[in-house]
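Below is one structure; the comments refer to it alone.
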Number of protein chains: 2
Amino acid sequence: MAFIKVSMDALHADTTLSNYMHHLAEVPLLRQCTPAQRQHLAQHARLEHHAKGKVLFLSGDRADHFFLVLTGWVKLYRETLDGMQAIVDVLPAGHLFGETALFEENVFPFSAEVIEPATLLRLPIAVLSDEISKDPALALAMLRVMVQYRRQQDQELEHTKLQSAPQRIGCFLLRLLDQRNQGPFSLNLPYDKTLIASRLGMQPETFSRALTRLKDETGIRISGARIEGDAISQLAIYACGACSSTFPCKDKAG
Amino acid sequence: MAFIKVSMDALHADTTLSNYMHHLAEVPLLRQCTPAQRQHLAQHARLEHHAKGKVLFLSGDRADHFFLVLTGWVKLYRETLDGMQAIVDVLPAGHLFGETALFEENVFPFSAEVIEPATLLRLPIAVLSDEISKDPALALAMLRVMVQYRRQQDQELEHTKLQSAPQRIGCFLLRLLDQRNQGPFSLNLPYDKTLIASRLGMQPETFSRALTRLKDETGIRISGARIEGDAISQLAIYACGACSSTFPCKDKAG
DNA sequence: GCATGTGATTGACAAAAATCAATTGGGAAT
DNA sequence: ATTCCCAATTGATTTTTGTCAATCACATGC
């Protein structure tokens, strides 16, 4: 069974890269680049497909490259001395990771693992470094992304301090939805419940029970990874009271 | 009684500003500026003294200025719909705040209040904005500060998820100390216990009991706001096991 | 079809923290 | 000194979450 995974890990031919060029324009950080800059970055990019479970790098590894998620999901995590795992972030398509190593002695400050089959773009950090110091506009774009990320972290910290477990799940679901829609909704949890639990800072058992309680209190319907409801406001009323942001909030899951 | 506080709020003459010029060189963000740039910033700066309790601005206020803490402590916080308060950060001397409004539609994303009598430097955001777009090196310096801040946030998120209440207090104390020293230590809590509790995401009662437990388990001595112990390692062994950073860690309190 | 492994759920219990209530203690104002 | 106020502590209790163990559900390979 292992050899099947190995074949998934193989690099595809670079000829498929052009299929993904347009993705570069959709990444917040790179949107502000000129087409020429993007072209330059793309010349040094490598496209990779990875199966679930693939460890991309470990905390402390030398960081020569950073990554861009094109499809699938990747988790960033750190491990404590007594063996616990802290999820730093869970990234969907369009997100960048590993780029902060630029400013941290070229060492990754966390480990990264593919959690749903993923297509990644791997780019040399040196190229980004070059472009940034050449172009102040890119540096400003990067600053903007950092500030936004920082705000999201603030928010998350607030959530773990002030929201109950069912509220945190409700908030998580809301961020998976387009909150501008008012009516009925339906979604699939994007990755394992165990991992969502860990992401939200709770045990799988607590997650399971909290989800049941969220169902009872808001009237949403659950079957496996599928979740449906009649109105987004059901969730918002329940979850957003313990949050300092106003609904609809702009944060995305995560 | 009110008029006494009012007198504390008064602006001092700008002539005292030169006394604080050397502080500018000690702020991570500004250290990388040229002396000329710092001089330019300083020309637009105003020095302010504020008493405990002074609210500097509220979340959503228009942000024309940012601040630099020269002495004292300032807390940044947000309030939820159901009336709870989330501490975003607590800042000692040398820290900058409000500068991220630069990238967020010039509105403060949190409120700020002086919690220990403070000397502040107030600077127009426009000046910083100018300098940054003129000088890529300053943008890079700011990026560096942002990345560092982001790391600290990651850390804090991890702590609230994985550490027990007594461990979080132990970690907090460690970050108040110079961890390079090995021997006996002694410190005063820098602000109210109630606020430290809130900062660490727990109730005042929990803080009080957790501090007692920390004392019992590590042998530190407590009288009021004064805390002493025979070896920093007492604390490190107890608190740092549930953390992914290695001791001594570089993070400072906050 | 069946065995197998993993993720998910459920129950019983323990631990941690929040909550409610009462009291203590120390500084500031008078 | 005395009063007042507020931070801090302590006790009793409830709520929440974690832990341990058993079971269930479901996809996969054989």
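Naming: A, B, ... by sequence-line order, numbering from 1 per chain.
Looking at the side chain of A:Q203, the nearest of the listed nucleotides D:dT17, D:dT9, D:dG18 is D:dG18. Relative to the side chain of B:T206, the nucleotides D:dT17, D:dT19, C:dA17 differ in distance, and C:dA17 lies closest.
You'll find the side chain of B:L120 reaches within 4.5 Å of the side chain of B:V74, heavy atoms only. Side chains of A:M202 and A:I169 form a contact here, defined as non-hydrogen atoms less than 4.5 Å apart.
Between B:E116 atom CD and D:dA7 atom C1' the separation is 13 Å, expressed in whole Å. One atom, CD1 of B:I222, and another, P of D:dA8, lie 13 Å apart when rounded to the nearest Å. If you take CD of B:E205 and C1' of C:dA17, they are 10 Å apart, rounded to a whole angstrom. Going from atom CZ of A:F207 over to atom P of D:dT19 covers 17 Å, rounded to whole Å. Note: CD (A:Q163) to C1' (C:dA17) measures 18 Å, nearest angstrom. One interatomic measurement links the two molecules: CD of B:Q167 to P of C:dA16, which rounds to 10 Å at whole-angstrom precision. We find that CE of B:M202 is positioned 13 Å from P of C:dA16, with the value rounded to whole Å. For the pair A:I115 CD1 and C:dG7 P, the interatomic distance rounds to 12 Å; values are reported in whole Å.
Contacts between residues 188-200 of chain B and DNA chain C, counted as heavy-atom distances below 4.0 Å, involve no residue at all.
One finds the CZ atom of B:R151 at 6.0 Å from the OG atom of B:S245 (value rounded to the nearest 0.5 Å). Distance CZ/B:R150 to CD/B:Q155: 14.5 Å, rounded to 0.5 Å.
Taking the six-membered ring for Trp and thresholds of 30 and 60 degrees, A:F67 and A:F97 have nearly parallel ring planes, at less than 30 degrees apart. The aromatic rings of B:F57 and B:F108 sit parallel to each other, their planes meeting at less than 30°, with 60° as the upper class boundary.
Contact between the side-chain N/O atoms of B:R209 and the OP1/OP2 oxygens of D:dG11 is not found at any separation under 4.0 Å. Using a 4.0 Å cut-off, no side-chain N or O of B:S208 falls inside it from OP1 or OP2 of D:dA8.
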Interface polar pairs with nucleotides 22-25 of chain C, N/O, under 3.5 angstrom:
none

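Backbone-only engagement by A:A165 is indicated by non-hydrogen atom pairs under 4.0 Å involving sugar-phosphate atoms exclusively.
Both B:K161 and B:T212 lie close to DNA chain D; mapped to their nearest nucleotides by heavy-atom distance, the more 5′-ward contact belongs to B:T212.
Remark: the backbone N or O of B:Q234 is not paired with any side-chain donor or acceptor of B:T218 at under 3.5 angstrom.
The existence of a salt bridge linking A:D192 and A:K52 is confirmed by a sub-4.0 Å separation between a basic side-chain nitrogen and an acidic carboxylate oxygen.
Within the structure, salt bridge (Lys or Arg N to Asp or Glu O under 4.0 Å) pairs that include any residue of residues 199-213 of chain B comprise B:D89-B:R199, B:E156-B:R199, B:R213-B:E217 (at least two apart or interchain).
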